Amino acid sequence: GRNITYLVALVVLAGSLILLYYQKPPNSTSEVIGVYEAMVLLGIGGTILYVTSLSMVADLIGFTVGSSAFVYGVMSFADKLFNGLAVQIAQALHPCTDARQNCGTYYRQLLVFVPAGAALVALVSLILLALLVTTKKHCRGTVCVGSVEEDQA
């Protein structure tokens with residue numbers, strides 16, 4: 001369920017990034033609507049990814065709720081820290097020195113390639129998580145379900 005939802009969100013996000021990358025500078029109202037469509041898809045995909053990530057963290061915490069506040073606090077802090085670093089890096093790498101220069105290409109590439117890189121990391125994480133879950137032993141006490149010993153018996 002959650003892995004499929006996460007994958008669908010990644011596809012929606014990728015679709016929005018493709019729309020943004022091939023978007024021409026708008027000359028009319030109808031061309032501006034394409035930007036809004038891409039942004040709506042970007043918002044939908046990003047929101048689904050964020051909410052699904054929170055639910056996956058809740059699954060990883062499981063019944064050990066004693067440390068859950070710490071885990072969510074660290075996750076929130078890391079989110080804010082990395083977003084702030086991304087903004088600072090984007091401003092430091094800004095190629096325009098004059099306000100009259102057209103820097104649209106820089107911002108378009110920034111808006112496309114940064115989320116695409118994050119989506120790629122998320123996809124690799126999803127694949128690794130799926131592999132980890134399918135190979136993990138599910139044990140309660142001394143009884144393990146899905147273990148190698150049980151399969152050989």
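Only a predicted model underlies this, so the values are computations on that prediction, with no experimental measurement involved. For this chain, numbers begin at 1 and follow the sequence in order.
Ile4 and Leu123 are not part of a single hydrophobic cluster, where members link through side-chain heavy atoms under 4.5 Å apart. Hydrophobic cluster membership differs between Val71 and Val74, with clusters built from Ile, Leu, Val, Met, Phe, Trp and Tyr side chains linked at under 4.5 angstrom. In terms of hydrophobic clustering, with Ile, Leu, Val, Met, Phe, Trp and Tyr side chains grouped at heavy-atom distances under 4.5 Å, Leu42 and Leu110 are assigned to different clusters. Residues Val124 and Val57 are members of separate hydrophobic clusters, defined by side-chain heavy-atom contacts under 4.5 angstrom among Ile, Leu, Val, Met, Phe, Trp and Tyr. Leu111 and Ile89 sit in two unconnected hydrophobic clusters of ILVMFWY residues. Membership requires side-chain heavy atoms under 4.5 Å apart, directly or through other members.
Screening residues 76-96 for ring-ring contact (aromatic ring centres under 6.0 Å, His included), with sequence neighbours left out, gives His94-Tyr106, His94-Tyr107.
Looking at Asn83, its side chain does come within 3.5 Å of a backbone N or O of Asp79 through a donor-acceptor pair. Under the 3.5 Å distance criterion, the side-chain polar atoms of Thr47 are left unmatched by any main-chain donor or acceptor of Ile44. Side-chain atoms of Arg108 come within 3.5 Å of backbone N or O of Gln23 as a donor-acceptor pair. Not a single donor-acceptor pair under 3.5 Å links the side chain of Thr52 to the backbone N or O of Leu49.
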- side-chain contact (heavy atoms from CB on, under 4.5 Å) between Thr5 and Val51, intermediate numbers included: CA-CA 10 Å; Thr5 304; Val51 171; over 6 Å; no
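Summarising the geometry of Leu13 relative to Gly46, their closest heavy-atom pair is CD1-N, 4.3 Å, with the distance given to 0.1 Å. The minimum heavy-atom distance linking Ala116 with Leu17 is given by the pair N-CD1, 3.5 Å. Ser16 and Ala38 make their closest contact through CB-O, 3.3 Å (heavy atoms, listed as atom of the first residue, atom of the second, distance).
In this structure, Glu37 and Leu41 have side chains that are not in contact, with every pair of non-hydrogen atoms separated by 4.5 Å or more. Considering only heavy atoms from C-beta on, Ile48 stays 4.5 Å or farther from Val8 through its side chain. Residues Leu126 and Arg2 form no side-chain contact, since every pair of their non-hydrogen atoms from C-beta on lies 4.5 Å or further apart. Side chains of Val121 and Ser125 form a contact here, defined as non-hydrogen atoms less than 4.5 Å apart.
Atom CE of residue Met75 and atom OG of residue Ser53 lie 5.5 Å apart, to the nearest 0.5 angstrom. Atom-to-atom distance recorded for Leu129:CG and Tyr6:OH is 9.5 Å, nearest 0.5 angstrom.
Residue Tyr21 places its OH atom among 12 or fewer non-hydrogen atoms of other residues, nucleotides or ligands, all under 6.0 Å distant. Heavy-atom neighbours of Phe113 CZ from other residues, nucleotides or ligands within 6.0 Å: above the threshold of 12.
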